[in-house]
Each structure stands twice: as structure tokens, then as C-alpha cells.
Amino acid sequence: MTYPEMRELLEKHGQSHVLRWWDELDDAGKKSLMRQVVHIEWGKTFLRTEERKRGKISPIRGMEIEEVLRRKDEFFEIGKQAIRAGKAAAVLLAGGQGTRLGSDAPKGAYDIGVTHPHYIFEQLVENLRAVTDACGATVPLLIMTSEKNDEETRAFFEEHAFFGYPREEVFFFRQAMAVCVDLEGKILLEDKGKLCRSPNGNGGWYASMARAGLLEVMEKRGVEWYNVFAVDNVLQRICDPVFLGATIQSGLMSGAKVVRKARPDERVGVLCLEDGKPDVIEYYEISDELAALRDERGELVYAYGVILNYLFRADVLRAIARKRLPLHAAKKKIPYLAPDGTFVKPETENGWKFETLILDMIKCAGSCLPFEVIREREFAPIKNRTGTDSVDSARELLKENGVEL
Ligand code: UTP
């Protein structure tokens with residue numbers, strides 16, 4: 001792209017202010033800014049999200065604990081065979097910023113130990129190793145980082161010798177970034193030659209993995225299922241053969257681990273059907289009436305809380321990649337360089353960050369098996385330092401499950 005082409009492009013989108021300090025930049029700065037402009041995904045990015053209109057919501061049938069326990073051996077065998085045949089890969093989503101934890105380091109590098117250092121990444125690798133040991137085969141572990149934490153994450157794994165996992169089975173890839181805009185839709189600048197950008201959401205994992213050339217690698221290895229999971233649930237089973245076996249056996253295109261909601265107003269997204277297709281409805285989108293609805297057994301009808309541990313069939317993902325996932329906008333406080341050249345750290349929300357979400361992939365997949373797990377055994381998310389879903393609560397749960405901290 002030439003300078004006039006870039007200027008024309010920015011003018012067309014009402015974003016010429018991005019070049020305000022162009023003349024002050026050195027050659028490297030100019031090149032870098034141009035590169036950032038080239039990578040902007042125009043299209044829907046600059047529209048503020050409209051209130052999403054929901055279709056007809058109805059309950060989805062899932063596989064509940066009682067059935068899971070009854071058929072555990074059968075599913076384990078199917079999952080184990082798939083793992084031994086190299087058909088499964090694990091994808092760790094570690095590109096988030098973990099703002100609620102209040103640390104600038106990668107979230108997985110957080111030390112949750114009590115008597116000795118014990119890191120979130122370490123615990124996740126141990127959870128995966130429990131599975132690979134039980135199956136007698138390793139699984140490729142793909143780790144999505146972001147521009148902000150990539151180097152640190154890689155260095156952390158190196159420093160800790162990959163926590164004993166075979167290093168040739170660990171693949172890092174960076175997720176793409178999306179530009180941030182102010183409340184009028186104008187791109188914010190972080191510096192004279194630098195746009196404000198944030199990770200483009202956990203829905204970006206597949207495209208980012210493909211961009212890094214890893215899709216080809218996985219296809220060559222014969223991967224048919226991807227188990228995608230969040231960095232912050234330290235109790236989760238990764239590439240769980242029972243979950244994998246049940247999902248394969250169901251013939252459905254995807255699977256989602258779910259926990260039964262503790263209370264109608266619990267702040268967790270629930271899996272349901274929207275216009276007959278599986279989808280996740282967020283806690284703030286569901287009416288009080290629906291959230292509290294109970295069946296003849298007295299159980300909540302919309303009870304399947306998602307815990308961000310999904311299985312996707314590889315061929316379905318390929319088809320999803322051709323569609324555009326909806327873009328979600330979140331109003332945030334975004335530090336920026338004001339037109340007078342001063343750096344501003346806003347006290348109130350001043351702009352929008354844009355993300356695609358993995359939960360939208362469930363709908364795109366077309367069918368999904370909600371697979372119930374026991375909350376106290378598999379769900380210990382770390383979102384905050386203290387209180388609900390915190391380092392403290394996760395430590396308690398780990399201890400209850402026999403992990404020495
Ligand atoms: P969260 O939605 O909890 O966000 O991410 P977060 O960034 O970790 O934490 P807060 O909200 O800033 O405190 C759920 C999962 O999705 C990953 C996170 O790393 C986490 O595993 N994620 C999120 C990404 O990989 N990329 C993103 O752009 C966003």
C-alpha cells in the first residue's frame with residue numbers, strides 16, 4: 001500500500017485523524033503505522049453493536065450426570081481410542097488480558113501456590129497429563145497468546161521446562177488484534193504511530209491458528225476434534241476422554257461441558273436452543289421468569305451453565321471459518337493520546353473494544369451435546385483475586401480435590 005492509498009482508505013472511513021502525527025514519525029514508525037492500517041478489518045468494526053434481538057428460546061436436551069456416570073466406561077474407551085489415534089488436540093485460550101486479576105503478566109503465570117510456587121499453567125498441564133497418562137498417548141497442546149503476552153508466555157514455559165510436557169507437542173500462536181474506537185467510532189491512538197488495539201476475542205482462535213500455519217500441521221496429523229478451553233479454570237479436565245467419547249458417540253458437531261446452575265440468578269451463560277439451534281444465552285439476556293422456570297422434577301429448565309470447555313469437530317470448524325462470527329462491542333476505559341498530544345487515562349468508559357466470541361461458534365456448528373460435569377470436581381475459575389471465582393475459592397476447590405498447594 002502506498003501513502004496516498006492509505007490516506008484515501010482512511011478518508012473513506014472517516015479516520016484521517018490517524019495520520020495526524022505522520023510527519024513526525026521516522027521511517028520505521030511510518031512503516032509500522034501503515035502495517036497497522038493494512039490489518040484493520042473494516043466492515044462491521046466501527047458500528048456500535050445494536051441490542052441483540054433474540055429468537056425463540058427453548059430448552060436443549062443434554063447428557064446429565066446420571067447418564068454420564070452410568071456410561072462412563074463406554075465413553076472413555078471411545079475417547080481413548082480417538083486420542084491414541086491422534087484425533088484430538090487441546091487448545092488453551094490464553095490471549096485474554098485478565099484485567100480483573102489485576103496483573104499485567106499472562107494469567108497462566110499467576111502463582112496460586114500456598115507453601116510452594118504453583119502456577120495456573122502448571123496446574124493445567126498437570127490436568128492434561130493426567131489424561132494423556134491414562135490414555136497412553138500425548139495430545140498436541142496449542143496455546144493462543146496475544147501480542148501483549150506472547151513473548152512472556154513462551155519464556156515462562158521455557159523457564160519451567162514446559163512443566164514436564166513434551167515440548168515438541170506444544171505449539172504457540174498469536175491471536176489477532178482489533179482496533180479500539182471512541183464513542184463516535186473514531187479510531188483511538190495509543191501513541192503517535194500506534195493505534196489502540198486489543199485482542200480480538202476468544203472467537204478469533206481458529207482463524208489465528210490457521211494464520212499461524214498450525215491448521216495444516218494439525219490436519220496432517222489427522223486431528224478431527226479440538227478441545228478448546230479457558231486459561232482460568234484450574235480444575236477442568238482437558239481432552240477428557242469421557243467427554244470426547246460421548247460427543248463422538250452422539251454424532252453431534254460440537255460438545256460443551258456444563259455445570260448445573262446453582263441458583264436462577266447465577267451469573268453464567270446457559271446453553272439452550274434459539275430458533276431450534278444450540279446457543280448460549282448470557283445471564284443478562286435471560287428474563288427472570290425463564291431463568292427461574294422449573295420442570296416437573298423441580299429442576300431449573302435453563303440449568304446448563306457453560307464453563308468454556310468445548311469440543312468442535314474439525315470439518316465443522318472449516319465450514320464455520322467461511323462465515324463471519326458476530327462482533328460484540330464492549331464499552332471500556334481505553335487510555336489514548338489526545339489530539340493535543342497528551343496521554344489520557346480516562347476515569348469513565350470512553351470507547352469500544354471489539355471481540356468475537358467462541359460461544360457463537362456453537363450456534364454456527366449447528367448441533368451441540370451439553371455434557372454435565374460435577375461442579376465441585378471440574379469448575380474452579382479464577383477471575384478475581386478474592387471473593388467469588390477467585391484465587392481463594394480456586395485454592396479451596398483444588399485442596400478439596402487433593403491438589404497440594
Ligand atoms: P475472559 O472473558 O474471562 O477474559 O476470558 P479475560 O481477558 O481472561 O479476563 P478479564 O475479563 O479481562 O478479567 C475467557 C477466556 O478467553 C480467553 C482468556 O484468556 C480466557 O481463557 N481470551 C479472551 C482470549 O484468549 N482472547 C481474548 O481476546 C479474550
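Counting starts at 1 for both ligands and their atoms, in listed order. Because the structure is a prediction, the values reported are computed rather than measured. These values consider heavy atoms only, across backbone and side chains, with no hydrogens, waters or symmetry-generated copies.
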Item to complete: Find all atoms of ligand 1 within a distance of less than 4.0 Å from any non-hydrogen atom belonging to K383, and give their numbers and elements.
Response: 1 (P), 3 (O)
Worksheet item: Are E274 and K363 close enough for a salt bridge, meaning some N to O gap below 4.0 Å?
Response: yes
Item to complete: For atom 7 (O) of ligand 1, grab the closest protein heavy atom and report residue, atom and distance to one decimal in Å.
Response: Q97 N, 2.9 Å
Donor-acceptor contacts under 3.5 Å from residues 397-405 side chains, at least two apart:
| unit_1 | atom_1 | unit_2 | atom_2 | d |
| --- | --- | --- | --- | --- |
| N401 | OD1 | R377 | NH1 | 3.2 |
| N401 | ND2 | E376 | O | 2.9 |
| N401 | ND2 | L397 | O | 2.8 |

Worksheet entry | Minimum-distance protein heavy atom relative to atom 14 (C) of ligand 1 | L308 CD1, 3.7 Å
Item to complete: Can you pull out the closest protein heavy atom to atom 23 (C) of ligand 1? Residue, atom name and distance to 0.1 Å, please.
Response: G96 CA, 3.7 Å
Item to complete: Look at atom 21 (O) of ligand 1 and say which protein heavy atom is nearest, naming residue and atom and giving the distance to 0.1 Å.
Response: L93 O, 2.7 Å
Practice prompt. Look at the rings of F157 and F162 and say which category their plane angle falls in: under 30° parallel, 30 to 60° tilted, over 60° perpendicular.
Written response: tilted
Determine all donor-acceptor pairs shorter than 3.5 Å in which one atom belongs to a side chain in residues 222-231; sequence neighbours excluded.
| unit_1 | atom_1 | unit_2 | atom_2 | d |
| --- | --- | --- | --- | --- |
| N227 | OD1 | C239 | N | 2.7 |
| N227 | ND2 | N309 | OD1 | 2.8 |
| N227 | ND2 | Y310 | O | 3.0 |

Worksheet item: So which heavy atom in the protein is nearest atom 12 (O) of ligand 1, and how far is it from that ligand atom?
Response: T99 OG1, 2.5 Å
Discussion item. Give the atom numbers and elements of ligand 1 that come within less than 4.0 Å of a heavy atom of G95.
Written reply: 19 (O), 24 (C), 25 (O), 26 (N)
Discussion item. To check your reading of the model: name the closest protein heavy atom to atom 26 (N) of ligand 1, its residue, and the distance in Å.
Written reply: Q175 OE1, 2.6 Å
Response to the item:
Restricting to heavy atoms, the pick from G201, A230, S208 nearest atom 28 (O) of ligand 1 would be G201
Worksheet entry | Shortest protein heavy-atom distance from atom 6 (P) of ligand 1, along with the residue and atom involved | G98 N, 3.7 Å
Worksheet item: Can you tell me the protein heavy atom closest to atom 11 (O) of ligand 1 and the distance?
Response: R100 NH2, 2.9 Å
Fill in: Ring geometry between F121 and F156 (parallel below 30°, tilted from 30 to 60°, perpendicular above 60°)
tilted
